[in-house]
Structure formats: structure tokens, C-alpha cells
**Q** 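Here it is: the structure, laid out below.
Note that these values count all heavy atoms, side chains included, but never hydrogens, waters or copies made by symmetry. Note that this is a predicted model, so its numbers are computed, not measured.
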Amino acid sequence: MPFAKGLGLVLVFIGLMNTIPSIPGLDQLVANITGDPDIVIRKYPYEYLYPIAFVLMMLIVVAKHSFYMKDRDKAPMRRAFAIVMDVALVTMAIMVSLTYVIEIDSICLIDQFTGERADLIARALQEEKEFAELYGLPEPTSVDDPACINTTGSWIFAIVGAAITVFLAYNVRVWGFPLVAVAILIAAYTLITVAIWYVFGSEDMNKYAITKLGGEPRTLMDGRPNVEDVLTNTSQGLLGRFMGILLSSVFPYIVLGSLFGISAGGQSLIKVAFLWTRRLRGGPAHAAIVSSALFGTISGGPVTNVLSTGVLTIPMMLKRGFSRTFAGGVEAAASSGGQIMPPVMGVAAFVLAAMTVTPYREVIIAAALPAAAYFGVLFLTVVFQARKQGIEAVGEKTPDMLLSRQDYLNLVMIFAPILMILFLLVTPKEAIGCGPIAALFGVERVVNGDSCLATDLPFLFKLIQNSAGDAGSAGWWAVMLLVVLFFLDPKFRERPTQIFGALSEAGILISTLYLMFLSVSVIDFCLNFTGLSGFIARDVTGLLRLFGPELQDGGVFLFAALFVTMLLAILLGMGMPTVPAYVNVALLMGPLVIGLGIAPFTAHMFIFFFAVASAITPPVAVAAFAAASITHADPMKTGFAAVGAGIVMFILPFIFAFYPELLLIDAAKLDPFATPGAVAFLEGYGPGIDWPGLALLLVRLVLALYLIASALVRFDARRLGRVELLVRLALAIGILMRMPEVHWPAVALALVTIGAHYGVARRRVAEA
């Protein structure tokens with residue numbers, strides 16, 4: 001364990017150095033000090049960083065989750081197998097990294113030793129110069145990387161095959177079989193279909209039954225470029241985009257979450273939540289929602305969130321009279337919602353940004369209204385439940401709500417890094433230097449209509465501009481700020497070395513997380529190779545169309561297809577962490593949803609929400625089970641209570657699938673069938689935000705969600721009968737329909753229904 005912590009600390013140091021933002025003059029300063037203009041202290045070349053980080057990560061995984069350490073007291077055969085697995089993981093990590101630098105064209109390790117690479121580059125450069133001279137072009141100074149001459153040859157098949165087997169087997173032990181099951185099935189499907197092609201050929205074969213490695217004649221070496229891609233492809237490879245996401249964007253946020261774990265701000269945050277909600281009937285239940293939303297955007301993990309905030313909020317809810325299942329359900333639902341709460345949102349949101357090629361700042365903007373709707377409905381649910389049980393507000397401050405001077409300082413530790421992240425992510429680079437503050441510093445600006453260009457920015461403004469809009473830079477600055485703010489806490493000043501423990505734990509978490517990403521990578525490149533996702537998308541769409549054109553009227557066809565996707569998303573994501581749940585379904589079902597005419601970003605957000613919802617979906621509701629460990633209630637009942645409280649998580653994706661303007665960004669409204677490279681919007685939409693139209697839509701949305709929340713609790717100002725409950729649900733559906741001739745009458749009827757309900761309630765109170 002100390003070995004794992006030591007290696008974790010090394011990994012965090014490398015990762016934080018790699019993500020250092022662009023500080024004006026830093027690179028030149030380093031070059032002047034060292035005398036070497038080519039030295040790199042940040043943004044290391046991925047060809048060298050990825051294999052080194054990968055070996056280090058797998059060493060950490062073995063040190064932390066060693067098979068042998070767990071099974072050393074077992075039978076001799078079990079111990080021998082454990083030793084083999086530990087050695088195999090480290091060996092295959094080294095082999096994969098070594099093969100990577102041998103095969104990737106920018107390094108060609110063997111060619112470097114033989115000298116053939118230098119000769120190739122020299123000859124290629126000479127040919128380029130001769131060509132330029134012949135046609136009067138500028139003389140080139142460099143050439144594209146030539147293909148490697150000396151490679152691993154056919155051994156690459158054995159190396160990649162053995163590596164995937166070992167990685168998946170170790171995943172089963174560390175993360176559990178359900179997470180790896182999909183990867184194993186898809187990998188097996190790929191091997192079987194390749195074998196069918198190799199033995200029988202492709203003539204008269206069903207498209208699902210074969211995967212071609214190459215053309216005719218059928219030879220194994222035809223498939224070598226595809227297997228090489230498994231290693232060197234920066235998109236689908238084992239050391240591809242998921243390694244890039246982790247080391248470039250997510251890394252500082254995982255470190256930040258680990259540092260928040262040793263911060264004293266959590267307790268003060270819960271105090272504030274109780275203080276803010278003391279005049280509400282729900283009291284501690286509302287405090288659970290507020291604290292879970294704020295803490296959840298930092299941690300991004302529903303189980304961590306439940307165990308951090310629930311230990312304080314759940315006992316208070318029980319003390320106020322809420323049932324054990326309801327208290328656990330609300331805490332689980334609120335903690336799971338932290339993953340959709342801007343500005344951090346957790347690892348899965350960064351993966352979504354990378355997979356949709358959308359700037360992270362736009363992802364947090366897109367999540368703003370859905371997050372507000374989700375937590376708003378949770379608030380309403382608690383209000384109605386408190387009315388139902390006759391729970392009254394505390395009103396006055398209690399001793400445990402009083403904030404000391406240290407509490408205020410602790411809150412600075414929480415809010416200052418979050419506000420810094422929010423400012424840097426939301427602020428466009430071009431806006432830096434164009435505001436009134438810059439004018440006070442005498443920054444020169446060139447204004448042309450609505451656009452502004454600032455020139456010769458002072459150091460501070462240039463520093464902010466370099467970091468604005470970049471998720472990795474924003475997270476890095478937040479980490480540095482939090483480290484400084486820690487010294488506001490006298491307990492931390494007494495033992496500052498605890499920061500090293502938190503950093504090493506972050507390194508261990510990152511390494512374990514990448515082991516999980518390996519199984520996701522297997523799914524990624526197998527689906528890309530076989531084309532299975534495209535086949536499923538086309539066939540399911542065609543099958544749904546067989547039901548007749550009448551299904552396509554009024555969006556019924558789209559709703560049916562989205563409902564099927566939802567069921568598959570819940571099934572595939574059940575029991576998994578959010579990241580693999582989202583990625584698995586996005587890779588399998590994403591093409592289907594996009595094929596229905598939904599913008600790629602909206603389709604991924606649709607799937608992302610159900611991946612988040614999997615944490616509260618029985619029978620494997622991990623967040624609800626964590627809450628049940630505190631309430632000592634039945635875990636399954638707690639899971640169903642969490643679904644009831646957080647039901648809007650299952651409804652919102654359908655709403656923004658039909659109303660993509662709720663996501664507030666242009667990427668949510670793009671036509672997926674547009675010509676590649678062209679910017680075309682879905683019918684009825686254009687660039688920017690139609691504020692009057694959005695305002696009317698939000699009024700309808702708020703009214704519909706109010707009806708749904710009250711119907712689920714079966715209480716508003718008084719208990720709802722069965723007929724009134726069904727009427728409210730029907731009106732909510734009508735309000736959300738796209739046709740004005742349906743939704744506006746539904747709005748009017750809903751207002752009349754609510755008014756009549758409150759009128760009857762007041763009359764009954766007066767009569768009593």
C-alpha cells in the first residue's frame with residue numbers, strides 16, 4: 001500500500017506538470033535557465049507521455065488491488081494464479097507500451113536504434129525540397145512522419161490479444177463482472193465474426209455474421225493495420241482518446257475532488273444548507289438536496305456524495321419525521337444529480353464533451369436548465385411530502401446552524417475554486433480585455449460592430465485569456481488555489497503533510513479509473529471495426545417504421561424509438577459507474593438516436609442522463625444502496641423511493657429531445673443529416689436563443705413538472721384522489737406536447753385544476 005501511494009504521488013506530479021496552463025513567458029524562462037530551447041516542462045508529447053503513464057498506472061493498480069495480497073492465505077493453486085495475474089498485468093502494460101513506441105510513426109523505436117529512420121526522413125526531406133524547387137514553392141524544413149520499417153510484425157496479434165485478455169480479467173476482479181460483461185461479449189462477437197470471414201468468406205453471409213479483415217485472398221496479415229490501430233489510433237486505441245481525456249481534461253478535477261475530501265469545508269457547507277432551508281417544511285431534506293448538489297458537482301460520484309453528506313442529513317430527516325425509505329431515496333436522488341450539476345459534473349461529462357467534440361464550457365451551459373429542473377422537482381417533492389406528513393418548518397436558528405468565523409473561511413475553500421472554474425470555463429477568450437476592468441488598466445481595444453479585439457494585454461489578462469475556455473487549465477488553477485486556501489484552516493496548518501496522502505489517493509483513483517477505461521476502449525474499437533452500432537441503428541429504425549406511417553405523426557415514432565433506447569440504456573448501465581454506463585450505451589445506441597434526426601450532442605445528452613439515472617435504478621441502485629447503509633432500511637425499497645423522488649431524471653431527456661432549445665447551445669440543434677462540414681440546423685431552429693419562445697416553454701415546463709411532482713407524492717394542498725392524480729399526469733403530458741392546439745388548452749385546464757384544488761383545500765380548512 002505505501003508503494004501504491006508513492007507511485008500515485010509520482011503520477012499526480014507528472015499529470016499536474018503536464019496540465020500546467022500556458023503562463024506567459026514560462027517556456028522562455030525555462031529555456032533561459034536550462035540553456036535548452038527544446039526542453040518541455042508541460043504539455044508533454046503524447047507519444048511519450050501515454051506509454052509512460054500507462055505503465056505507471058498499471059503498477060499502481062497492481063500495488064493497490066493485488067490479486068496476491070488478497071489471496072495469499074488461500075489454497076496454493078489460488079495463490080499461484082494470483083501471482084500470475086499480477087505479473088501478467090505489469091508485463092502486458094510494459095509490452096503494450098513498448099509495442100506502442102515501436103509501431104507509432106512519430107517514434108519508430110527500432111528504426112531509431114538502427115538509424116534507418118534518420119535516413120528515411122533525410123531522403124523524404126530531400127525529395128520534398130527538389131519538388132519545391134521544381135515548382136517554385138517555398139523550401140520545406142520538415143516532412144510528415146514516415147511509416148516504420150522495423151515493427152513487431154505478426155507478433156502484434158499475440159501482444160494485443162494477450163493484453164486485452166489480461167486487462168479484461170483484471171477488470172473483473174477490480175470493478176466486477178457486470179462492468180466487463182459487455183466488453184467481453186463484444187470482443188467475443190468480433191473474434192467470432194472475423195473467424196467466420198477468414199474460414200468461409202463473405203459471399204451470401206449476413207452482415208451481422210462477418211467482419212472483414214481485408215480483401216481476397218483472405219490472409220491474417222490483412223488485418224494487421226486494424227490491430228495496429230488498437231494500439232496507436234489516437235481515437236479508438238488502448239492508449240487513445242480516453243487516455244487523452246484523463247490526462248488532459250479530467251486529471252485536475254480528480255485531484256481537486258480528492259483534495260476537497262480533506263477540506264473542512266464540507267461540514268460548513270452542510271451547516272449553510274440547514275441554515276438556508278430552516279424556514280421550509282422539508283428542512284433537512286431540502287438541506288440534503290442543497291448540500292448534495294453543491295458537493296456533488298465537486299465529487300461527481302453518487303456513492304461518495306451519499307456517504308459524505310448523507311451521514312449528517314439522513315439522521316436529521318429521520319428526526320423530523322420522514323420515513324427511512326424516503327430519507328434514503330431523497331439523499332440518493334440528490335447525490336446522483338450532482339453529476340449533472342454545473343460546473344464540474346464529474347468524469348462522464350468530460351467524456352461526453354470529448355465524444356461529441358463540444359467545448360466543455362458549452363456542456364455546462366447545456367446542463368444548466370436540466371439541472372435546475374431536476375433539483376427544482378426534488379424540492380417540490382419534499383415540499384409535498386412534508387405537507388402530506390404534517391411536518392412544519394423549524395424557523396429559528398438552532399445551535400448547529402450557527403456559523404463561526406472559521407466556517408466562513410472553510411466556505412471560501414469550497415466556493416472560491418468552484419467560482420474560478422465557472423469563470424474560466426464560461427468566459428470566452430475573445431472577451432478578455434474587452435470589459436470595463438481592462439479599460440481601467442488602459443488595455444488597447446479594436447471594436448468593430450459587436451466584436452472586440454484586445455491587443456497588448458498585460459500579464460494578468462494574458463494569463464486569464466490563455467486559460468479561459470480550457471477545462472484542464474481551469475481545473476489546474478482551482479487545484480492550486482485550493483492548496484493555498486488550505487492554510488486558512490488551523491487544523492491543516494498543524495498537519496500539512498496530509499495533502500500528500502490526498503494527492504496519492506488521487507493518483508490511485510486515476511489509475512483504477514483507467515483500468516476501467518481499458519474495457520470501454522475494447523468496446524470502442526471493436527464496434528468501430530465491426531460496424532455493429534450502425535447495423536443496429538439502421539435495422540431498429542427500419543423495424544419501427546414497419547408499424548406504419550401513422551406512428552410518425554405527432555412524434556409518436558420518435559418517442560417509441562427513444563423509449564427503446566432508454567430501456568437499453570438502463571439495462572446496459574445498471575450496476576455500473578456512470579462513465580462506462582454512458583460510453584457503452586453511447587457507442588452502441590448513439591448512432592440509432594442520431595439516425596432519428598436528433599443532433600449528435602442532444603443524443604449523447606439523452607444517453608448521459610440515463611447513465612446518471614442508473615445509480616438509482618433498481619435492482620442495482622448503487623447510490624440508493626449506499627443510502628440504505630445509513631438508514632438501515634430495505635435497499636430495494638430505498639431504490640424505488642429514489643426513483644420516485646428523482647423520476648424527472650427519466651423524463652427530462654425526452655423533453656429536451658423534443659425541445660433541444662432547452663440545452664441553450666447551437667450544437668443541440670444541428671441537423672445530423674447535413675453535409676459534412678456544413679452548419680445546418682434542424683427544421684424550425686436557427687443559431688442563437690429565441691428568448692421569448694424559450695420563456696414560454698419554461699413556463700410550460702415548470703407547470704408540467706409541478707403537476708408531475710404532486711402526482712407522484714399524491715399530495716398538494718391536500719391529498720389527491722386517484723382521478724385527480726390521473727388528470728394531473730394527463731395534463732402534464734398535454735402541456736409538453738409540441739402542438740399549440742394541445743398544449744395551450746392543457747395549460748389553461750391545469751391552472752383551473754390547481755386553482756380548484758386550492759379552493760377546496762381552503763374551504764375544508766375553514767369548515768374544520
**Q** To the nearest 0.5 Å, how far apart are CD1 in Ile464 and CH2 in Trp477?
**A**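 Going from the CD1 atom of Ile464 to the CH2 atom of Trp477 covers 9.5 Å.
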
**Q** Which class fits the ring pair Phe492 and Phe487: parallel under 30°, tilted 30 to 60°, perpendicular over 60°?
**A**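 Rings of Phe492 and Phe487: perpendicular, as their planes differ by over 60°.
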
**Q** Counting distance only, does the side-chain N/O of Ser97 pair as donor-acceptor with the main-chain N or O of Pro51 below 3.5 Å?
**A**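 Checking the backbone N and O of Pro51 against the side chain of Ser97, a donor-acceptor pair under 3.5 Å is found.
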
**Q** Taking it one step at a time, do Phe525 and Leu238 satisfy side-chain contact (heavy atoms from CB on, under 4.5 Å)?
**A** CA-CA 9 Å; Phe525 62 68; Leu238 284 173; 3.9 Å; yes

**Q** Answer yes or no: is there a donor N or O on one side and an acceptor on the other, between the side chain of Ser504 and the main chain of Ala502, under 3.5 Å?
**A**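 Answer holds: no.
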
**Q** Rounded to the nearest 0.5 Å, what separates atom OG in Ser511 from atom CG in Leu7?
**A**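 Answer for the OG-CG pair, Ser511 versus Leu7, is 8.5 Å.
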
**Q** Exactly one of Asp119, Thr151, Asn150 should register a side-chain contact (heavy atoms from CB on, under 4.5 Å) with Asp111. Which one does?
**A**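 It is Asn150; the other options fail the test.
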
**Q** Answer yes or no: is there a donor N or O on one side and an acceptor on the other, between the side chain of Asp524 and the main chain of Val520, under 3.5 Å?
**A**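 No, because the side chain of Asp524 does not come within donor-acceptor range (under 3.5 Å) of the backbone of Val520.
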
**Q** Where is the tightest heavy-atom contact between Gln498 and Lys491, given as atom of each residue plus distance?
**A**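 Nearest heavy atoms, Gln498 then Lys491: NE2-O, 4.1 Å.
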
**Q** Verify side-chain contact (heavy atoms from CB on, under 4.5 Å) between Leu488 and Leu485, making sure each step is shown before the conclusion.
**A** CA-CA 6 Å; Leu488 295 174; Leu485 293 176; 3.8 Å; yes

**Q** Between Ser106 and Glu47, does the side-chain hydrogen bond (donor to acceptor under 3.5 Å, both in side chains) criterion hold? Intermediate values first, please.
**A** CA-CA 7 Å; Ser106 56; Glu47 305 96 320; 3.1 Å; yes

**Q** Using a cut-off of 6.0 Å, state whether more than 12 heavy atoms not belonging to Arg493 lie near its atom CZ.
**A**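 Above 12, so yes.
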
**Q** Residues in side chain to side chain contact (heavy atoms under 4.5 Å, CB included) with Ser66, at least two apart?
**A**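 Ser66 satisfies side chain to side chain contact (heavy atoms under 4.5 Å, CB included) with Tyr68, Met69, Asp86 once adjacent residues are dropped.
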
**Q** How many angstroms lie between atom CD1 of Ile159 and atom CE of Met95, to the nearest 0.5 angstrom?
**A**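 Here the interatomic distance stands at 4.0 Å.
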
**Q** Is there a side-chain contact between Arg117 and Pro146 (heavy atoms, below 4.5 Å)?
**A**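 Arg117 vs Pro146: side chains touch.
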
**Q** Can a side-chain donor-acceptor contact be found between Glu103 and Thr232 if the only test is distance below 3.5 angstrom?
**A**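 Result is no, nothing qualifies.
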
**Q** Looking at Asp407 and Ser268, would you say the former's side chain and the latter's main chain have a donor-acceptor pair under 3.5 Å?
**A**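 The answer is no, because no donor-acceptor pair under 3.5 Å joins these two groups.
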
**Q** Within the side chain of Arg361, is there an N or O that forms a donor-acceptor pair under 3.5 Å with the backbone of Val426?
**A**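 Yes.
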
**Q** Evaluate the criterion ring pair (Phe, Tyr, Trp, His ring centres under 6.0 Å) for residue pair Phe251 and Tyr514; output intermediate values, then yes/no.
**A** CA-CA 11 Å; Phe251 199 99; Tyr514 196 71; over 10 Å; no

**Q** Which heavy atom of Leu246 sits nearest to which heavy atom of Ile254, and what is that distance?
**A**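 Result for this residue pair: CD1-CD1, 4.0 Å.
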
**Q** Carefully, step by step, assess Phe67 and Tyr170 under the rule ring pair (Phe, Tyr, Trp, His ring centres under 6.0 Å).
**A** CA-CA 9 Å; Phe67 274 48; Tyr170 223 94; 4.5 Å; yes

**Q** So, the side chain of Trp476 versus the backbone of Leu16: is there a donor-acceptor pair under 3.5 Å, distance only?
**A**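 Yes, the answer is positive, given that a donor and an acceptor are paired below the 3.5 Å cut-off.
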
**Q** Locate the shortest heavy-atom distance separating Ala4 from Ala63; write the atom from each residue and the value.
**A**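 Smallest interatomic distance, heavy atoms only, reads CB-CB, 3.6 Å.
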
**Q** Is a side-chain N or O of Ser473 found less than 3.5 angstrom from the main chain of Asp470, in a donor-acceptor match?
**A**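 Checking the backbone N and O of Asp470 against the side chain of Ser473, no donor-acceptor pair under 3.5 Å is found.
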
**Q** To check you understand the geometry: which heavy-atom pair defines the closest contact between Ala53 and Leu247, and what is its length?
**A**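 Minimum heavy-atom contact is CB-CD1, 4.0 Å.
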
**Q** For Ser248, is there any backbone N or O sitting under 3.5 Å from a side-chain donor or acceptor partner on Asn18?
**A**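 Such a contact is absent between Asn18 side chain and Ser248 backbone.
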
**Q** Describe, in one word, how the ring planes of Tyr360 and Tyr253 are oriented to each other, choosing from parallel (under 30°), tilted (30 to 60°) and perpendicular (over 60°).
**A**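 The rings of Tyr360 and Tyr253 sit tilted, inter-plane angle from 30° to 60°.
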
**Q** Would you check, one step at a time, whether the test side-chain contact (heavy atoms from CB on, under 4.5 Å) holds for Met58 with Leu515?
**A** CA-CA 8 Å; Met58 294 306 102; Leu515 179 69; 4.2 Å; yes

**Q** Report the residues that fulfil side chain to side chain contact (heavy atoms under 4.5 Å, CB included) with Pro24, sequence neighbours left out, ordered by chain and then residue number.
**A**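 Only Phe459, Lys462, Leu463, Asn466 meet the side chain to side chain contact (heavy atoms under 4.5 Å, CB included) criterion with Pro24.
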
**Q** Say you draw a straight line from CZ of Phe517 to CD1 of Ile523; how long is it, rounded to the nearest 0.5 Å?
**A**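 Atom-to-atom, Phe517:CZ and Ile523:CD1 are 12.0 Å apart.
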
**Q** Looking at Arg224 and Glu228, is there a salt bridge between them, counting it only when a charged N and a carboxylate O are closer than 4.0 Å?
**A**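 A salt bridge links Glu228 with Arg224.
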
**Q** Do the ring planes of Phe608 and Tyr582 sit parallel (below 30°), tilted (30 to 60°) or perpendicular (above 60°)?
**A**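 Answer is perpendicular, since the angle exceeds 60°.
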
**Q** Let me see the working for Met355 and Arg241 under side-chain contact (heavy atoms from CB on, under 4.5 Å), right down to the final yes or no.
**A** CA-CA 9 Å; Met355 292 187 69; Arg241 63 174 162 186; 4.0 Å; yes

